[in-house]
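Take a look at the structure below.
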Amino acid sequence: MHGTHLTRYDAVVVGSGPAGYTAAVYLGRAGRSVVLLEGGTAPGGALMTTPEIENYPGFPDGAGGPELMDSIRRQALRCGATLVPVDAASVELTGAGHRVVAADGTAYDARALVLATGAEHRRLGIDGEDRLAGRGVSWCGTCDGPFFAGRDVVVVGGGDTAVEEACFLSRIAGQVHLVHRSARLRASRVLQDRLATRANVTVHLDTRVRAIEGTDRVTGVRLDQRSLPVAGVFVAIGHDPRSALVAGAVETTASGHVVVEHPSSRTNVPGVFACGDLVDPTYRQAITAAGSGCVAALDADAYLAARDTTRDAA
Amino acid sequence: MNPVTSDSFDDQVRRSALPVLVDFWAPWCTRCAGMEPAVREVATTFAGRGSVVTVDVEAHPELAAEHLVLSLPAVAFYRDGAVVRTLAGPRSAEELAAAFEEVLDGQH
């Protein structure tokens, strides 16, 4: 299906999102031939399910996540990048160059590889979660919230995402229970203040969800001391880096983040650069991901330039 | 890619001679928009062997309720008038095609 594309490039970028698309913008603009594998399931990354971004510079009235991603994507196209909506299935990293094999079998060869595969939702790992996924258990309030109009729901977590989800769902659902295992929420002050204005949100601190109950759909959750009858469970307990593609091939931390030589984006493999949520357990903002995508592109371009020079001299 | 409604569902899906992939989506669902090219590709790939229809669950919440769709995107595979397999969450063209092949082979 995608076999008509050139398969040899200066650089391959794996992963779409602010990091990957920004890397493609910079590499394209630097005159490098660049292909970006956007992913076959959810191109655009985590921002595609973020309806409103209020802190991306340059958008005083806020920006929609999907609209912002579409803008950076079109910018990458305009800068000459080739975009392919397919997952990367495997990588072969060699001294001479790197190869990325896509899920459709197409092989992409490049001297530089930029990894920007982001992070995926962490699971609770409790009884009922997998069995009832899509049957009331959800990782995306903005996607699935409308199915729970007027129904009671639980949001699990205490960070920005959990509080944003609770605020969003409070406009749709009946009662919203925010359940967090620690004594205080980690979410930013502005979000906690917003949460406090929602009359139909109850916060349960120092509380864990022990099991999700229901046969063909969610009917409730079991907490430490009590059960709550709810129709939906929205899990927002954090993210794990999506590094399985390069596990064992590049150095990663215990948490699975790809290790880079800060402040650069260089991994331990020459010619392989990493950026975005894949390397960042701390900041995880659209703007920091875009910034690190820029860094990765500049590092990759410098790497290519150094080799161009060596080749010219030889 | 054939949009179906509550009125046309029986004709297009339950009484279909071919196995059917039913793609549930909604206008608010950005992940559904992201999966649309994959669904379109599968519709082309399976033309003549299986059909692909889409259900807008905002316009037809009763079809979503009937199929217990509580998360989007969602896919149901019908064969001989009955659901034989469901998928919840975004899927690639390759994953959809593999599942559809299994449905056609009678493995599900």
Side-chain angles (χ1 to χ4, degrees), chain A residues 1-2 16 37-51 64-67 69-70 73 84-89 102-105 120-121 130-149 151 153 168 172 214-218 231-234, chain B residues 21-47 55-77 82-101:
Chain A
M1 176 100 201
H2 304 296
S16 55
L37 307 188
E38 297 181 279
T41 49
L47 289 186
M48 295 302 284
T49 54
T50 307
E67 290 75 23
M69 287 325 306
D70 186 55
R73 182 180 188 277
V84 188
V86 68
D87 286 317
D104 63 4
E120 59 200 359
H121 302 293
D130 287 343
R131 187 168 48 82
L132 295 164
R135 298 287 193 215
V137 178
S138 171
W139 285 264
C140 180
T142 55
C143 308
D144 302 334
F147 292 114
F148 300 89
R151 313 289 301 273
V153 299
F168 177 83
I172 301 170
T215 47
D216 63 344
R217 61 188 296 169
V218 170
V233 179
F234 291 84
Chain B
L21 183 163
V22 185
D23 170 42
F24 295 91
W25 69 283
W28 73 73
C29 173
T30 53
R31 296 192 302 183
C32 301
M35 198 170 98
E36 194 196 329
V39 175
R40 201 172 283 283
E41 183 177 328
V42 169
T44 309
T45 310
F46 284 82
V55 172
D56 175 353
V57 303
E58 187 173 66
H60 303 284
E62 63 288 348
L63 284 176
E66 188 186 326
H67 290 86
L68 269 180
V69 171
L70 294 169
S71 183
L72 290 177
V75 166
F77 291 96
V83 176
V84 291
R85 187 169 186 189
T86 58
L87 301 172
R91 303 290 160 147
S92 67
E94 290 80 14
E95 290 169 318
L96 290 175
F100 210 175
E101 285 292 357

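Note on naming: letters A, B, ... go to the chains in the order of the sequence lines (proteins, then strands), and numbering restarts at 1 for each one.
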Revision key, fill the gap. Cut-off 4.5 Å, heavy atoms of chain B, and the answer for R217(A) is side chain
**Study point:** When A74(B), A65(B), A93(B), P90(B) are compared by non-hydrogen pairs under 4.5 Å with chain A, the top option
**Key:** P90(B)
Revision key, fill the gap. Counting heavy-atom pairs under 4.5 angstrom with chain B, the leader among P43(A), A231(A), G65(A), G134(A) is G134(A)
Point to revise | Donor-acceptor contact below 3.5 Å, side chain R135(A) vs main chain L68(B) | key: yes
**Study point:** Geometric class of the F234(A)/F148(A) ring pair [parallel <30°, tilted 30-60°, perpendicular >60°]
**Key:** perpendicular
Practice item. Would you mind reporting whether E94(B) and V86(A) have side-chain heavy atoms less than 4.5 Å apart? Key: yes
Study note, to complete from the structure: Counting heavy-atom pairs under 4.5 Å with chain A, the top scorer among L96(B), L70(B), T30(B), T86(B) is L70(B)
Point to revise | side chain to side chain contact (heavy atoms under 4.5 Å, CB included) partners of C32(B), counting only residues at least two apart | key: W25(B), C29(B), L72(B), P73(B)
Check your understanding: Under a 4.5 Å heavy-atom cut-off, does chain A meet the side chain of E95(B), its backbone, both or neither?
Key -> side chain
Point to revise | Portion of V69(B) that has a non-hydrogen atom of chain A nearer than 4.5 angstrom | key: both
Check your understanding: Just wondering, do F77(B) and L87(B) contact through their side chains at under 4.5 Å, heavy atoms?
Key -> yes
Check your understanding: Checking heavy atoms, do the side chain of A64(B), its backbone, both or neither come under 4.5 Å from chain A?
Key -> side chain
Review point. Is there a side-chain contact between V218(A) and V137(A) (heavy atoms, below 4.5 Å)?
Key: yes
